[in-house]
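Everything below concerns the one structure shown next.
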2 protein chains.
Amino acid sequence: MNIGHASEKSGLPAKTIRYYEDIGLLKPDRSDNGYRDYSMSDVHKLRFLQRARGLGFSVEECRQLLALYEDKDRASSDVKSIARTKLKEIERKLTELRELQHTLQHLVAHCHGDQRPDCPILERISGTRPE
Amino acid sequence: MNIGHASEKSGLPAKTIRYYEDIGLLKPDRSDNGYRDYSMSDVHKLRFLQRARGLGFSVEECRQLLALYEDKDRASSDVKSIARTKLKEIERKLTELRELQHTLQHLVAHCHGDQRPDCPILERISGTRPE
DNA sequence: CTTGACCTTCCAGTTACTGGAAGAATTACC
DNA sequence: GGTAATTCTTCCAGTAACTGGAAGGTCAAG
């Protein structure tokens, strides 16, 4: 599969896909014509990268998460340790996202565009006064 | 409140706080000595920025979300429209985060570090085969 | 057989910070 | 009161993670 198709399947621009190769996140085969040739596994990685980056994980965190898949020979305790660390992070993100969700839901349901000077949107957005 | 204290309260480095001022996300008062002076409202904004950026929202998206608070005189239909758009985005992020969470939970619970060549971690991480 | 879409590499520009220098203001200690 | 450490200021340069564009090779359609 060439880069255009991989781009469609993963939701990442071709530019970004080449960049991820540059920094060593994946290394697709090359066809005889020199074109990159992406396997299904490559596409899975790209799709994962597209998601994880959009969820605020850094490229280095993504590299670690991909390594959980790549390093199947890694001691399972290492894998579990990394996974557990990331799980805590995910739970934090889930909580924060739900708080933001509730705030915006409240805004949609109750905001009338008035000038109330004590509008508490930000307090709740910022998590200072979680609902 | 000076920048060091605002940094502590918001979880953002002072450098980043000054940067956010440079690009117009907030404009704290200045004390007589020239030091920046942050109000509680400023700190709420900073805390919100810290969270929203960590959840994968761009600075421009954050600017829009802050505007929901700032522009209280904006027509409520505009506010609601923006909020609804962001709500869809948040729901997508929540779904993706939960999928990633389930994958890692599975990994912690069942991975034994073996060499199974058909290890389906990535398929599930990438959302190609959601659980 | 050429036109157009898609691929290649390379180099420069953008976004969102991040580090460090040089100097002024405040606080902490003797 | 003096001075040393801390915290603040601005400015300028560097990094991370892309993103755009040029110059050119490959390939499928008409």
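Order of the sequence lines sets the chain letters (A, B, ...), proteins ahead of strands, with each chain counted from 1. Side chains are part of it too, since the values below use all heavy atoms of this structure and drop only hydrogens, waters and symmetry mates.
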Distance below 4.0 Å between [X] side-chain N/O and [N] OP1 or OP2:
X: A:Arg63; N: D:dA16; value: no
X: A:Arg30; N: C:dT9; value: yes
X: B:Arg36; N: D:dC8; value: no

Full working for salt bridge (Lys or Arg N to Asp or Glu O under 4.0 Å) between A:Arg18 and A:Glu21: CA-CA 5 Å; A:Arg18 292 195 197 95; A:Glu21 183 179 349; over 6 Å; no

Between B:Gln50 and B:Leu46, is any pair of side-chain heavy atoms under 4.5 Å apart?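 When only atoms from C-beta onward are counted, B:Leu46 and B:Gln50 do not touch, as no gap falls below 4.5 Å.
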
Do B:Arg98 and B:Leu94 have side-chain heavy atoms sitting under 4.5 Å apart?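 The answer is yes, as the side chains (C-beta and beyond) meet within the 4.5 Å cut-off.
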
With a non-hydrogen cut-off below 4.0 angstrom, is A:Ile3 in contact with a base, only sugar-phosphate, or nothing?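 A:Ile3: backbone/sugar contact only, no base atoms under 4.0 Å.
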
Calculate the interatomic distance between [X] atom [atom1] and [N] atom [atom2]; express it in whole Å.
X: A:Leu55; N: D:dA17; atom1: CG; atom2: C1'; answer: 17 Å
X: B:Gln50; N: C:dT18; atom1: CD; atom2: P; answer: 11 Å
X: B:Glu60; N: C:dT14; atom1: CD; atom2: P; answer: 15 Å
X: B:Arg53; N: C:dT18; atom1: CZ; atom2: C1'; answer: 14 Å
X: A:Glu21; N: C:dC7; atom1: CD; atom2: P; answer: 14 Å
X: A:Asp22; N: D:dC18; atom1: CG; atom2: C1'; answer: 11 Å
X: A:His5; N: C:dC7; atom1: NE2; atom2: C1'; answer: 16 Å
X: A:Phe57; N: D:dA16; atom1: CZ; atom2: C1'; answer: 18 Å

How far apart are the closest heavy atoms of A:Arg53 and A:Cys62, and which atoms are they?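 Looks like CD-SG, 3.9 Å.
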
Report the distance from atom CG of A:Leu100 to atom CD of A:Gln105, rounding to the nearest 0.5 Å.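 These two atoms lie 10.0 Å from each other.
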
Is it the case that over 12 heavy atoms from other parts of the model lie below 6.0 angstrom from the NZ atom of A:Lys86?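 Yes, NZ of A:Lys86 has more than 12 neighbouring heavy atoms, counting only those of other groups under 6.0 Å.
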
Would the number of heavy atoms belonging to other residues, nucleotides or ligands and lying under 6.0 Å from NZ of B:Lys93 be above 12?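 Yes, enclosed.
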
Donor-acceptor pair, side chain of B:Asp22 and main chain of B:Tyr19, under 3.5 angstrom: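 It does not hold such a pair.
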
Please write out each protein N/O paired with an N/O of nucleotides 27-30 of chain D under 3.5 Å, distance rounded to 0.1 Å.
from: D:dC27; atom 1: OP1; to: A:Asn33; atom 2: ND2; distance (Å): 2.8

Can you sort out which residues in residues 7-20 of chain A have a heavy atom within less than 4.0 Å of DNA chain C? Ascending by number, please.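 The answer is A:Lys15, A:Arg18.
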
In a table with atom names and distances, give each donor-acceptor pair under 3.5 Å that connects a side chain of residues 23-35 of chain B to protein atoms at least two apart or in another chain.
from: B:Arg30; atom 1: NH1; to: B:Gly34; atom 2: O; distance (Å): 3.0
from: B:Asn33; atom 1: OD1; to: B:Tyr35; atom 2: N; distance (Å): 2.8

